[in-house]
Amino acid sequence: MCLGVPVRVMSISGTSATAEVGGARREISVMLLEDVREGDWVILHAGFAISKLSPEEAEKTLQYLREIRDAT
C-alpha cells in the first residue's frame, strides 16, 4: 500500500523544498510539479511532491489520518 501525506511547503530552493506537517519538517523534491509556491499544500510520496491540493482538502485528509491513528 502506498500512502501520500499532505504537507505544507515552507520554503523552496530550486527543485527542493522544506515542507512541514504536524511540526515535523522534511526536505522534499518538487521537481514533478510546476508552479509550487511557499504556503502551498502538496501530497508527499516517497520524498516527492506529486500533486497540489487545497488547504481544505489537506485538512480533511489529515483529519482522516488522525482518526485512523486514534482507532489503532
Side-chain angles (χ1 to χ4, degrees):
M1 180 172 109
C2 298
L3 181 64
V5 178
V7 296
R8 186 171 184 200
V9 175
M10 305 306 288
S11 63
I12 299 175
S13 178
T15 59
S16 297
T18 300
E20 186 270 335
V21 65
R25 290 187 175 212
R26 298 272 191 259
E27 295 300 314
I28 68 170
S29 174
V30 293
M31 67 184 300
L32 300 177
L33 298 177
E34 293 182 13
D35 198 30
V36 176
R37 299 172 190 254
E38 292 179 11
D40 282 349
W41 284 88
V42 297
I43 294 291
L44 178 65
H45 176 70
F48 291 88
I50 57 172
S51 66
K52 292 172 69 173
L53 69 166
S54 71
E56 295 80 16
E57 291 173 304
E59 180 53 40
K60 188 174 180 181
T61 302
L62 290 171
Q63 182 59 37
Y64 289 144
L65 293 173
R66 285 189 211 79
E67 290 173 11
I68 292 169
R69 177 199 64 201
D70 294 343
T72 58

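For reference, positions follow the sequence shown, starting with 1.
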Scan residues 10-30 for pairs that pass salt bridge (Lys or Arg N to Asp or Glu O under 4.0 Å), counting only residues two or more places apart or in two chains. none
Qualifying salt bridge (Lys or Arg N to Asp or Glu O under 4.0 Å) pairs, either residue in residues 63-72, two or more places apart: Glu59-Arg66
Measure from the side-chain N and O atoms of Ser13 to the backbone N and O of Ser16, and report whether any donor-acceptor pair falls under 3.5 Å. no
For Val42, the rest of its hydrophobic cluster, which grows through side-chain links under 4.5 angstrom: Leu3, Val5, Val7, Val9, Ile12, Val21, Ile28, Val30, Met31, Leu32, Leu33, Val36, Trp41, Ile43, Leu44, Phe48, Ile50, Leu53, Leu62, Leu65
